[in-house]
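The structure appears below as structure tokens.
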Amino acid sequence: MDILNALAAFLNFVFIPGLAYGAQLALGALGVTLIYGILRFSNFAHGDTMAFGTMVTIFVTWFFQSIGLTAGVLPTALLALPFGIAATALLVLATDKVVYQFYRRQKATPTILVIVSMGVMFVMNGIVRLFIGVDDQNFADGGRFLISAGDFKAATGLAEGLAIKGSQAVTVITAGLTVAVLFWFLQKTRTGKSMRAFADNEDLALLSGINPDRVVQVTWVIAAALATIAGVLYGLDKSFRPFTYFQLLLPIFAAAIVGGLGNPLGAIAGGFIIAFSEVMVTYAWKKVVTYVLPADMAPDGLLQLMGTDYKYAVSFGILILVLLFMPTGIFKGKAY
Amino acid sequence: MADPFLIGSAMTGGYGGADILHGCTIAVEKGEIAVIVGPNGAGKSTAMKAVFGMLKLREGHVTLDGEDITRLSPQARVAKGMGFVPQTHNIFPSMTVEENLEMGAFIRDDDFSGTMGQIYDLFPILKDKRHQPAGELSGGQRQQVAVGRALMTRPKVLMLDEPTAGVSPIVMDELFDRIIEIARTGISILMVEQNARQALEIADKGYVLVQGANRFTDTGQALLADPEVRRSFLGG
Amino acid sequence: MSKNLKLFLGVGLLFLATGLLLSWNQALFILNFGLVSAIMALGVNMQWGYAGLFNTGVMGFAALGGLAVALVATPPVGEAWRVGGFGILLGLAIGVATVAAGVALWRRMPKGRNRALAMLALLVGGFMLFRWVFDPAVTAVEAINPSVTGNLGGLGLPVLLAWPLGGVLAAGAAWAIGKTALGLRSDYLAIATLGIAEIIIAVMKNEDWLARGVKMVNLKERPWPVPFEVNLQQNETFLGLASTLGFDPVTGSSIFVKLVYMAMILVVLGLVIWLSERALNSPWGRMMRAIRDNEDAARAMGKDVTARHLQVFILGSAVIGVAGAILTSMDGILNPGTYQPLRFTFLIWVMVIVGGSGNNWGAVLGAMLIGWLWLIVEALGPQLMGWITAGMAEGPLKAHLVDSAQHMRLLTLGVILLLVLRFSPRGLIPEK
């Protein structure tokens with residue numbers, strides 16, 4: 001039974017958390033990669049866009065909770081999510097109008113746009129801190145566990161518990177649905193195809209009568225939706241703290257670059273690569289290994305490759321490896 | 001005789017700096033093929049882009065079917081019935097052949113499956129590869145996609161900027177055959193070509209440009225027969 | 001009077017007003033902060049203004065400067081060196097050797113699966129060996145008197161030495177990061193530097209054996225010739241001076257110390273400006289600008305653009321490292337928790353862009369102005385918000401608004417940055 005215990009421990013501590021985290025990163029990286037593909041710059045404000053969307057969702061969630069409106073076993077935040085998305089979409093559309101449009105018309109270099117996005121990041125960061133402060137906010141409710149460790153142990157007779165948190169299940173399912181809708185939109189709808197055409201060859205897209213302003217607006221709305229969903233799922237699964245969202249920029253960009261900037265499929269793959277690497281490198285494998293090895297070979301140490309404080313070092317390490325050995329990423333993004 | 005179907009007359013202008021075109025006139029009749037040839041740097045592509053509205057004219061006019069379109073943007077000219085195939089970057093590489101054609105028809109609100117069928121009849125290979133990303137096709141096939149994309153709007157005039165650049169001679173002949181076929185359906189063709197001799201052979205009208213001005217203008221056959229044209233521009 | 005001089009005078013007036021209306025101590029504190037920031041801004045300006053390199057890791061390089069102070073100035077912990085010094089050094093050597101061997105292997109072996117497998121085996125093996133040697137040594141070191149030391153300590157040398165050494169440390173990190181990220185897309189450098197800064201801070205927070213991590217290092221030394229306030233207050237000459245000039249010896253000593261620091265920072269600042277102005281007007285500087293303005297043309301002329309970029313990236317980062325060392329030695333404490341990207345990276349960027357990228361005097365002016373704004377809002381913001389909300393009833397909303405004043409400055413800085421970029425992209429003092 002020890003192999004099964006090892007497997008349960010692996011699933012419980014590595015696979016399921018990695019899957020949920022990977023889904024969150026993938027959604028974040030999708031937003032970054034879409035902006036990159038269509039607007040052609042690395043959006044440093046994406047982490048704070050996520051924070052903004054999550055903040056609005058939290059406020060609406062609190063309001064719903066205060067009037068007794070809940071979603072049963074599902075977190076109330078899912079009901080509030082559309083409001084968060086709408087508010088974020090309005091914010092980024094306004095930002096585009098007031099800030100980015102000018103530089104687009106000027107055909108400014110990507111670096112200038114990155115610096116501009118840094119200014120936007122400041123402003124969004126300020127807004128978020130102004131409204132909700134810098135502290136941790138917990139807004140998860142609904143069913144805590146889909147499967148609790150105790151139930152699992154009782155049902156299987158294993159010593160190791162396998163718990164699936166409600167937030168993890170919600171994360172994976174929501175992310176799956178979001179990605180499915182996004183890909184359907186990009187592959188099947190006229191607007192989605194026009195976005196891909198614009199990303200592929202801007203001049204030819206203009207020549208074909210595709211309206212660039214519309215493409216840009218749709219892109220921002222999608223990016224806002226992806227950012228808000230990613231942010232809310234991350235917040236439900238862990239907790240909401242503005243500075244954490246800023247720090248998420250690193251794994252998100254690492255994911256997008258690993259997959260190839262501008263490539264949506266790559267962003268998803270990159271998200272999971274980064275998430276699983278991070279979880280596996282920072283997990284103390286002692287428990288799993290003890291089950292697998294004979295008793296006299298049991299390890300003394302924790303078998304942890306790196307402390308959890310170094311989780312961002314993992315994304316960074318992978319990022320550096322990719323930059324060194326395949327700068328266009330696994331799925332061949334835009335190299336220019 | 002009435003004005004030609006499409007004419008860019010006495011065009012003068014350039015990309016901001018010095019003028020590249022100096023009173024250059026290019027015209028094409030309905031269902032005919034007009035070819036612009038000339039040495040490197042003669043302003044061939046520039047003349048074509050001027051007709052299409054991709055550079056600002058200081059002097060001169062562009063008229064399509066009797067309507068002055070000098071002030072229209074390239075996009076608006078597409079809506080008026082002009083199709084343009086750029087020399088490079090003329091496809092959407094990550095999209096399938098069929099999606100490329102669909103994007104060509106972006107401004108059309110009606111059902112364009114008939115047009116797409118016609119294009120597949122014209123370029124049968126594209127039908128076989130319609131679900132393949134266009135960027136994975138060979139050079140000649142990519143040019144077919146590019147021409148097909150431009151035809152999706154059912155243009156009255158098709159403008160081609162060096163369609164045979166970088167393709168093998170066999171593919172070139174094949175492409176020229178298709179272009180003749182397109183012209184027979186009543187679409188005017190205006191193209192810039194480096195392979196001057198072959199291009200003039202299929203041309204109803206030829207323009208030899210030198211330094212942004214017309215040097216010789218005649219039928220294709222007459223230009224091919226002109227000893228001076230032969231000596232200076234066709235390599236003997 | 002030239003416009004630039006007026007601008008500098010205007011900023012000078014701000015400090016004068018701060019001194020007169022608030023206190024001279026505070027004004028000098030802000031001034032020193034502005035001057036140190038000006039050095040950092042000069043470093044960023046070399047990278048961005050001269051070469052168009054976007055470095056978002058200013059915080060990391062400044063933190064390395066701070067680390068240098070702890071490593072130079074604190075006395076060595078003999079006991080710790082005995083139990084674990086050798087192990088830690090050997091472990092680090094093994095780590096470096098593994099990476100070097102990996103690089104050599106990648107270059108020597110033919111491409112293919114064998115190379116990938118050999119690489120993997122080497123890295124895994126090297127890592128295991130590193131941990132095997134390193135971990136016990138770290139545990140041993142961190143066990144030694146953890147409430148006071150728990151680290152290897154430093155070299156016990158004068159603090160002043162840490163200033164150049166901070167530059168060297170930062171230059172080393174810049175070399176490593178520049179080697180990988182330069183020559184690729186311009187935004188890759190931004191992301192890579194953002195990452196390295198986070199990693200540097202994580203290392204400084206977690207590796208207690210190095211500089212005590214979040215337990216912080218208190219510096220008992222000051223750079224020569226800065227005196228300690230308590231010593232001044234007992235100094236006969238100083239007390240005599242205080243009574244003749246009629247100032248309070250406690251405040252006076254504090255101001256005197258700040259003045260000494262100011263003089264020292266000014267010397268460094270002057271040196272950096274002098275050197276970078278000379279460099280800018282040398283053939284090297286002209287080449288740098290030529291590369292920035294048209295990379296392709298410069299490449300076509302046979303310039304090794306990537307190598308030049310690496311050069312200027314290292315130089316700029318070294319300057320930032322020096323400034324980081326000055327800041328930490330002035331604070332008298334190394335606290336990795338205080339390194340915040342908004343404060344150390346993006347604030348410096350705002351300074352450079354507002355001041356005028358590509359112009360050294362612009363960077364200095366921007367640093368003084370934005371530095372003043374940053375700290376004065378911190379000092380006055382809650383008070384100001386208190387006045388604004390004076391009419392409001394006491395309650396959570398008022399408390400929240402007063403609290404929020406500190407976040408207003410992020411918002412304000414963001415807006416200033418966007419406005420300058422939009423309406424005056426060349427900054428207050430444009431490039432000549």
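Below, read A as the first sequence line, B as the second, and so on, with proteins coming before strands; counting in each chain starts at 1.
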Set out, in order, the CA-CA distance, both residues' side-chain angles and the distance that settles side chain to side chain contact (heavy atoms under 4.5 Å, CB included) for B/V28 and B/K205, then state yes or no. CA-CA 8 Å; B/V28 59; B/K205 192 113 185 221; over 6 Å; no
If we check side chain to side chain contact (heavy atoms under 4.5 Å, CB included) with B/M191, which of these qualifies: B/T164, B/V35, B/L158? B/V35
Look up atom CG in A/L204 and atom CD1 in A/I210, then write down how far apart they are to the nearest 0.5 Å. 8.0 Å
CG on B/L57 to OG1 on B/T70, rounded to 0.5 Å: 7.0 Å
Counting C-beta onward and ignoring hydrogens, is there a side-chain heavy-atom pair between B/I36 and B/L190 closer than 4.5 Å? yes
Most contacts with chain A, counted as non-hydrogen pairs under 4.5 angstrom, among B/M54, B/M103, B/E102: B/M103
Do A/N211 and A/V215 come close enough that some side-chain heavy atom pair is under 4.5 Å? no
Among residues 73-95 of chain B, which residues come closer than 4.5 Å to chain A, judged by heavy atom distances? B/P74, B/Q75, B/V78, B/F84, B/P86, B/H89, B/N90, B/I91, B/F92, B/P93, B/S94, B/M95
